[in-house]
Amino acid sequence: MSDEQNSVSDLLEDNQYKYGFTTDVESETFAKGLNEEVVRAISKKKNEPEFMLNFRLKAFEKWKTMKEPAWPNVHYPPIDFQDISYYSAPKKKKQLASLDEVDPEVMRTFEKLGIPLDEQKKLANVAVDAVFDSVSVATTHKKKLMEQGIIFCPISEALQDYPELVEEYLGTVVPVGDNYYAALNSAVFTDGSFVYIPPDTISPMEISTYFRINTEETGQFERTLIICAENSYVSYLEGCTAPQFDTNQLHAAVVELVTMDNAEIKYSTVQNWYAGDKETGQGGIYNFVTKRGKCAGENSKISWTQVETGSAITWKYPSCILQGDNSSGEFYSVALTNGHMQADTGTKMIHIGKNTRSSIISKGISADHSSNSYRGQVKVGKNATNARNYSQCDSMLVGDKCSAHTFPYIETANNSVQVEHEAATSKISEDQLFYFESRGISRENAIEAVISGFCKDVFKQLPMEFAVEAQKLLTLKLEDSVG
Amino acid sequence: MLEIKDLHAGVEGNEIVKGISLSINKGEIHAIMGPNGSGKSTLAKILSGHPAYETTAGNITFEGQDLLEMDAEQRSIAGIFMGFQYPVEVPGVNNAEFLRMAHNARRVNAGEEEVDPLDFDELLSEKMKMLGMEKKYKERNLNDGFSGGEKKKNEILQMAILEPKLSILDETDSGLDIDALRIVAEGVNKLRSENNALILITHYQRLLDYIKPDFVHVLSKGKIIKSGDKALALELESQGYDWVTSSN
């Protein structure tokens with residue numbers, strides 16, 4: 001049996017992590033280590049306004065007093081935060097006036113990743129901000145968006161051009177001392193994306209950021225802030241890859257979303273960070289991310305969709321604070337773990353306003369020696385009359401050495417609330433695949449059909465191209481794990 | 001069409017089939033009968049290409065090709081259909097979509113274009129009408145929550161879509177009440193032609209009241225101990241398997 005499977009996977013070159021290459025660019029990298037001087041140096045490097053420096057210093061003071069969380073169901077050796085470089089940027093001589101001045105190697109890297117950035121080849125209907133290690137290197141379609149008053153730029157640029165907007169919202173959803181990694185991020189983040197959708201505006205295209213970690217032993221700490229004003233809408237996509245290194249790299253991002261009255265943000269992620277060696281578990285990204293949205297206005301909506309297929313360790317709970325009356329939050333997730341990956345992911349839905357609704361659809365797929373945990377919290381405050389939540393958490397096991405765990409937490413302080421929780425565990429079995437094969441359907445197509453069936457409710461939330469890519473990614477990753 | 005020569009086979013090192021030879025031509029229906037443990041289902045598994053079962057000696061050819069060199073997928077494409085005794089449930093995969101995948105796998109192999117869902121729906125509706133099947137078979141997920149009878153009917157629907165040259169129905173009658181048995185058997189009869197062949201593997205002769213075999217073979221302890229025509233099945237029915245196993 002295993003012979004047969006090997007021959008199948010041998011045919012598929014793509015089975016390798018195809019984004020594992022590194023790019024040879026001249027970088028400016030800070031010496032390893034973290035102290036107040038480093039925090040000040042980052043702020044200075046970025047020529048930041050004073051409020052920003054104070055924000056960082058406050059976060060750094062908090063961070064020094066905090067401890068890494070021990071509650072997630074993941075295991076790893078202690079991280080030496082003094083052994084990481086907190087700033088790395090492709091070297092440039094002066095401020096870039098146009099894309100022509102971006103290091104061609106960096107441009108080629110993104111092209112190789114399927115994200116062409118230059119004017120001729122850029123994607124027609126998606127505006128892209130490309131973040132390479134610690135800095136944003138290019139943002140497309142900026143002008144076209146600006147015609148409608150939409151601001152889409154690197155957050156470092158927003159700090160120069162729209163400091164009052166950044167100051168008003170930064171840290172309002174994820175406070176500087178929210179958790180260990182968020183505090184670290186707040187102190188040392190170097191770039192990320194900033195989006196502002198003015199009132200009564202539907203963004204004419206998808207907005208996306210593509211993250212690439214290139215340098216070994218550099219942490220990536222990006223910060224994303226998206227504000228959607230009254231009666232506006234934006235759909236935002238995020239993609240990530242990293243080269244293959246034997247050492248672990250830290251990725252500790254913070255994403256904050258704010259929606260005003262009747263506004264909606266749809267945030268989709270396909271995460272494919274390098275997950276480490278499949279056999280030994282060596283290397284890979286530690287993905288410790290804080291993502292949170294605040295439905296500040298009435299009737300507003302925030303929807304998170306994530307397809308998590310990479311990283312050695314994932315620790316991530318995209319959440320919604322449902323503050324405005326009648327606001328709603330959604331969380332759709334597919335988390336796949338294989339090899340020696342560990343994921344502890346889920347969501348928090350905090351109901352504060354009246355008639356707030358939330359739904360959670362989580363699909364965990366575990367294969368090989370991996371461990372996959374869903375952790376979700378539904379919290380309903382005493383003023384959240386008629387709040388409703390529906391949660392469905394399904395797990396699929398592939399093989400018998402992996403594990404799946406579900407940790408739902410429900411807290412309600414209001415009697416008019418309805419909370420439903422459903423959970424199921426299934427297996428993709430050799431018998432199922434044999435059944436497909438005996439009808440002339442290839443093993444690959446069979447896995448794709450079973451997985452996409454399992455993940456249907458989540459995939460249909462993704463923009464079309466993303467859904468197709470996500471499905472292929474999952475199939476490739478599971479190809480030689482079934483049996 | 002199918003030529004089995006001195007087949008020895010088993011699972012996990014236990015030899016269960018101990019020298020079977022059988023020749024099947026197009027247009028023929030063969031019934032293979034036998035008590036539990038006689039090797040019927042091992043034979044079915046071997047013919048279907050189940051990876052857990054292994055052949056230790058002998059050979060099988062299908063239209064001149066070495067069947068044992070082909071995997072389950074290739075066998076299906078070549079025109080062999082296995083109607084399973086226990087069809088597996090596949091939650092999340094729509095039945096109509098599954099049938100379209102199977103249909104298209106054949107078309108792609110023959111160098112033809114894939115059929116889109118709308119065109120396929122026409123073909124599917126036509127076959128379902130012929131078999132007298134309800135619409136729910138399109139809408140539900142593959143065998144998911146189907147009763148025993150529904151699963152068997154669904155196997156026959158797959159057979160109708162795939163139009164195989166050789167169908168092997170493994171204990172298709174087991175677990176069916178008399179009405180379901182009749183519907184399934186009628187379906188099989190409608191799919192018969194002089195160009196295809198059928199192997200019915202069954203414990204009881206009652207299926208043979210509905211699908212009339214040209215040949216009946218009795219299997220015992222991994223060997224065919226008696227072959228005959230339909231009369232043999234009736235005799236087994238009245239006398240029991242002891243009659244053949246002890247007289248041999």
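Naming convention: chains lettered A, B, ... in sequence-line order (proteins, then strands); numbering from 1 in each chain. Just so you know, these numbers come straight off a predicted model, no measurement behind them.
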Chemist: Using side-chain contact (heavy atoms from CB on, under 4.5 Å), reason through B:L142 and A:Y435 one step at a time and then give a plain yes or no.
Modeler: CA-CA 11 Å; B:L142 180 51; A:Y435 192 67; 4.0 Å; yes

Chemist: Can you name the closest pair of heavy atoms from A:F434 and B:G49 and give their distance?
Modeler: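 Between these two residues, the closest heavy atoms are CE1-O, 3.5 Å.
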
Chemist: Taking the basic N atoms (NZ, or NE/NH1/NH2) and the acidic carboxylate oxygens, is any pair closer than 4.0 Å for A:E437 and B:R75?
Modeler: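 Result for this pair is no, no salt bridge flagged.
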
Chemist: Would you mind checking which part of B:Q74 comes under 4.5 Å of any heavy atom in chain A, side chain (CB onward), backbone (N, CA, C, O), both or neither?
Modeler: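 Interface part for B:Q74: neither.
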
Chemist: Go through it in stages, so that I can follow the logic: the residues are A:S442 and B:E73, the test is side-chain contact (heavy atoms from CB on, under 4.5 Å), and I'd like the CA-CA distance, side-chain angles, deciding distance and then a yes or no.
Modeler: CA-CA 7 Å; A:S442 69; B:E73 188 186 332; 3.6 Å; yes

Chemist: Counting heavy-atom pairs under 4.5 Å to chain A, which of B:A102, B:P87, B:A78, B:A105 comes out on top?
Modeler: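 It is B:A102.
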
Chemist: If I measure from the heavy atoms of chain A, does B:E54 come under 4.5 Å with its side chain, its backbone, both, or neither?
Modeler: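 B:E54 has no heavy atom closer than 4.5 Å to chain A.
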
Chemist: What pair of heavy atoms forms the shortest contact from B:S76 to A:G440, and how long is it?
Modeler: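 Distance-wise, the nearest heavy atoms are OG-N, 3.0 Å.
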
Chemist: What part of B:H103 is in contact with chain A, defined as an atom under 4.5 angstrom from a non-hydrogen atom: side chain, backbone, both or neither?
Modeler: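 The answer is neither part of B:H103.
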
Chemist: Go through the steps to decide whether A:S438 and B:F84 satisfy the test side-chain contact (heavy atoms from CB on, under 4.5 Å), and finish with yes or no.
Modeler: CA-CA 10 Å; A:S438 73; B:F84 290 98; 3.2 Å; yes

Chemist: Start with the C-alpha gap between B:H50 and A:D431, add the side-chain angles, then the distance that decides, and say whether side-chain contact (heavy atoms from CB on, under 4.5 Å) holds.
Modeler: CA-CA 9 Å; B:H50 195 289; A:D431 283 347; 4.2 Å; yes

Chemist: Nearest heavy-atom pair of B:R106 and A:R439: which atoms, and what distance?
Modeler: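 Result for this residue pair: NH1-O, 3.6 Å.
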
Chemist: Does a side-chain heavy-atom distance below 4.5 Å link B:V90 with A:F436?
Modeler: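 Yes; the side chains approach each other to less than 4.5 Å.
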
Chemist: Taking side chain as everything from C-beta outward and backbone as N, CA, C, O, which of these in B:N143 sits under 4.5 Å from a heavy atom of chain A? Side chain, backbone, both or neither.
Modeler: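 Contact with chain A is through the side chain of B:N143 alone.
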
